[in-house]
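The sequence lines fix the lettering, A, B, ..., with proteins before strands; numbering per chain opens at 1.
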Amino acid sequence: MNTHPILQFLNEAQQNAVTCDAPALLVLAGAGSGKTRVLVHRMAWLISECGLSPHALLAVTFTNKAAHEMRGRIEDLLGRPAGAMWVGTFHGLAHRLLRAHARDAGLDENFQILDSDDQLRIVKRVVREMGLDENEWQPKQAQWFISARKDDGQRPQDIKHNGDLFTATMTSIYSHYEQACRQSSLVDFAELLLRAYELLRDNEHLRTHYQNRFRHVLVDEFQDTNAIQYRWIKLISGNTSAITIVGDDDQSIYGWRGAKIENIHRFQQEYNDSETIRLEQNYRSTSTILQAANAVIANNNDRLGKNLWTSGDQGEPISLYAAFNEQEEARFIASRIQDYVNQGNNYRECAILYRSNAQSRVLEEALLQRGMPYRIYGGLRFFERAEIKDTLAYCRLIANRDDDAAFERVVNTPTRGLGQKSIEVVRDIARNHKITLWQAASKVVEENLLPARARNGLMTFQELVANMESETGEADLHELIDFVIEASGLLEMYLKEKGEKGLARKENLQELVSAAREFDIDQYLYDTELEAEEAGLPESADGESGLPVMEDEMPPLVAFLSHASLEAGEAQAEKYEDSVQLMTLHSAKGLEFPVVFLTGLEEKLFPHQMSMDDIDGLAEERRLCYVGITRAMKKLYLLHAEKRRLWGKETYPSISRFVREIPSSLIEEVRLNAQVSQPMFGTSSLMDSDQGPEGFQLGQMVEHPKFGHGVILNFEGSGPQARIQINFESVGPKTLVLAYAKLEPVMA
DNA sequence: GTCATAGTAATTTTT
DNA sequence: TTACTATGAC
């Protein structure tokens with residue numbers, strides 16, 4: 001056992017991962033195996049033992065939370081600030097690159113970032129301006145199309161539609177949308193990544209610079225990377241930098257968002273000198289819980305393979321409860337939590353997880369009824385609130401009059417007599433002259449193209465924005481925002497809202513001012529830190545190559561606006577109160593709780609209807625289930641309802657296949673009168689493997705005499721009753737009685 | 001410009 | 001069922 005301080009308290013696999021000197025390292029880290037710890041310790045190791053400067057490290061994560069945590073922990077470990085180290089999210093780092101080299105990236109210095117809300121507005125406008133029917137060509141769908149293509153690295157000209165009307169139209173919308181963004185100097189989230197990639201790809205000078213600078217690139221949650229992120233990582237690390245990726249193929253749950261689980265396989269192929277280290281010892285859960293998780297995930301194909309184990313106790317059995325309906329499910333949970341808390345524990349140790357947000361209401365009601373405190377994750381975040389976005393829209397116009405998204409948002413907020421008609425006139429002018437809305441508005445005013453009232457409204461608006469700028473020329477950021485809130489009339493408008501709402505909005509606006517004040521200070525501290533670090537590093541290539549360092553001259557307002565888009569803030573406050581935690585399975589990833597309730601374990605709900613028809617969707621649902629199970633430390637409850645109201649209709653769902661994939665020996669069924677017994681559901685349906693009755697396997701390709709080829713999705717029952725669900729290429733999913741189905745396996 | 005009503009669609013979410 | 005959008009009446 002190595003006793004180096006950095007390696008203390010790490011197990012052997014963790015130590016190997018920290019000290020590995022292969023040029024490319026893949027760490028397959030199971031749930032609860034100390035993934036972040038390894039990453040942080042490896043960075044500390046590289047700095048203190050391998051002599052790398054913090055300047056030469058690049059660490060990438062997906063969420064701001066993870067990035068902050070990583071930076072904090074590495075600074076703790078090193079005992080000093082690591083300002084010069086690039087630690088951030090893909091989007092944050094891409095943004096940083098684009099700010100530093102805006103010109104080379106073909107962007108305006110003052111470009112701003114669109115969040116998905118703003119993006120949708122622009123897409124909507126584009127669709128309308130193209131004269132397309134919004135019902136036939138839904139903006140939401142177009143937005144999705146554009147993002148998906150960008151995530152895949154495709155520009156409109158790269159897309160081949162082969163006469164396909166859908167693709168052709170969508171591509172055309174994409175193209176028009178791009179133009180609109182360019183005109184307004186706006187960049188959406190996917191664009192940040194794509195643009196940053198293209199910047200390095202097309203600019204050899206910059207590429208070489210960054211490849212030389214970053215001697216070691218580390219990526220967290222690698223299973224969540226999309227195509228363009230992978231390519232960006234490859235490009236920036238070049239052929240000479242070392243690379244460490246950490247991930248877990250079994251926890252890939254964002255395939256629907258463009259994440260490519262195959263990137264892990266690709267990495268192994270493309271870096272043929274790579275080494276793979278598995279972290280399989282789990283420090284979180286009881287062995288019962290781990291066995292259940294392992295059994296479920298074993299039903300997936302194409303895994304890299306990994307078996308979690310623990311040296312800990314077997315712990316309590318998993319409780320399975322069949323509720324009458326969703327209300328009863330909720331009441332049961334509430335009463336169990338009550339019992340748990342009465343034994344001297346805290347609410348915050350309990351988490352209720354569900355597949356879709358719609359399920360949360362009934363759960364909330366049950367908790368409310370008992371007066372139990374709870375907190376829901378997800379929902380509107382601070383910078384997404386209407387009042388905040390309105391205020392920031394004014395700020396964006398101060399920084400850049402050509403920001404059409406901001407213009408549209410507040411040109412008539414608060415109302416100043418500009419209805420749809422008037423705005424339509426402005427839009428027309430803008431489109432016909434290929435100018436921005438602000439420029440078009442000026443033209444409308446000058447040439448008197450609108451009735452007096454509307455014309456006055458436009459003039460007032462333009463003067464208002466101009467005044468805001470001149471009045472606050474020398475002011476600090478928070479003073480500017482304070483001024484905008486007042487002068488725009490937004491405060492007055494919101495205070496008129498009835499009930500508590502107006503007051504809450506006012507508080508949020510005040511909160512925005514304090515956020516701006518803190519941002520001023522942070523920004524100042526960060527800059528000085530950075531300079532100090534850079535100055536102390538003579539080997540830095542920045543000076544001699546004439547490349548700008550970072551954030552050299554970003555105006556505070558532009559910096560703050562970017563910050564607001566990139567870090568939407570916490571979803572809900574009051575996080576210090578002891579409360580039950582409610583969230584979707586997706587948002588539970590990365591968290592852990594002593595007691596976990598997995599709700600709605602029913603076919604069509606979990607696995608969800610929309611993911612049931614193909615084997616990939618099903619595999620992702622199963623991974624989601626794996627994530628859910630592995631959140632639990634001590635006690636896991638599985639719940640399903642026999643009757644559930646779904647969209648106003650009563651349904652009688654059957655128990656989720658995932659429950660049946662857990663060995664029955666790990667489960668005890670909770671009966672209504674609180675007695676406990678062994679599981680009762682059909683002895684044979686509780687199968688401990690993915691083996692079908694006749695040796696067929698889930699995901700296997702089979703041939704049916706009538707329906708042709710299809711993939712096996714599920715088995716139900718056994719004996720003469722046994723049925724099998726297959727997704728046929730010709731007719732889609734079908735459930736057949738196995739005994740009559742005359743299936744033949746098909747060799748791949 | 002605001003309010004009421006009808007119609008529609010309905011995972012998962014971060015940046 | 002609900003929640004959101006679009007439309008039409010005042």
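In this structure, K589(A) atom NZ and dT15(B) atom P are separated by 12 Å, rounded to whole Å. When the C1' atom of dT14(B) is taken as reference, atom CZ of F62(A) falls 9 Å away, rounded to whole Å. Note: CG (L380(A)) to C1' (dC4(C)) measures 14 Å, nearest angstrom. Nucleotide dT14(B) holds its C1' atom 18 Å from the CD1 atom of I228(A), rounded to whole Å. Remark: P of dT13(B) and CG of N64(A) are 17 Å apart, rounded to the nearest angstrom. To the nearest angstrom, C1' of dT14(B) lies 14 Å from NE2 of H68(A). E326(A) has its CD atom 14 Å from the C1' atom of dT2(C), to the nearest Å. In this structure, K150(A) atom NZ and dT15(B) atom P are separated by 18 Å, rounded to whole Å.
With distances taken from any side-chain atom of H586(A) to the nucleotides dT13(B), dA10(B), dT15(B), the minimum falls on dT13(B). The nucleotide whose nearest atom lies closest to any side-chain atom of W647(A) is, among dG1(B), dT13(B), dT1(C), dT1(C). The H608(A) side chain lies nearest to dT11(B) when the options are dT15(B), dG1(B), dT11(B).
The phosphate of dT13(B) has OP1 or OP2 within less than 4.0 Å of a side-chain N or O from S587(A). Of the side-chain N and O atoms in S116(A), none sit less than 4.0 angstrom from OP1 or OP2 of dT15(B). Applying the 4.0 Å criterion to OP1 and OP2 of dT14(B), one finds that R381(A) has a side-chain N or O inside that range. At dT13(B), one or more side-chain N or O atoms of N357(A) fall inside 4.0 Å of OP1 or OP2 (strictly under the cut-off). Regarding contacts with the backbone of dA3(C), a side-chain N or O of R361(A) is found under 4.0 angstrom from either OP1 or OP2.
With V411(A) as reference, I423(A) is the one residue of I423(A), L437(A), V426(A) to meet the side-chain contact (heavy atoms from CB on, under 4.5 Å) rule.
Remark: Q359(A) CD to L646(A) CG distance equals 8.5 Å, nearest 0.5 Å.
Ring to ring, H101(A) and Y210(A) are close: their centroids are under 6.0 angstrom apart. In this structure, the ring of F606(A) has its center no less than 6.0 angstrom from the ring center of H640(A).
Stacking is not found between H91(A) and the pyrimidine-like six-membered ring of the dT15(B) base under the 5.5 Å centre-distance and 30° plane-angle cut-offs. In this structure, W256(A) counts as stacked on the base of dT12(B) under the 5.5 Å centre distance and 30° plane angle limits.
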Carefully, step by step, assess F461(A) and V410(A) under the rule side-chain contact (heavy atoms from CB on, under 4.5 Å). CA-CA 9 Å; F461(A) 176 64; V410(A) 291; 4.2 Å; yes

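For L192(A) and Q138(A), each mapped to the nucleotide of DNA chain B holding its nearest heavy atom, the one lying further toward the 5' end belongs to Q138(A). Residue order along DNA chain B, read from the 5' end via each residue's closest nucleotide, puts G419(A) first among A358(A) and G419(A).
A donor-acceptor contact under 3.5 Å is formed by the side chain of R355(A) with the base of dT12(B).
For dT12(B), the base is anti relative to its sugar; the glycosidic angle deviates from 0 by more than 90°.
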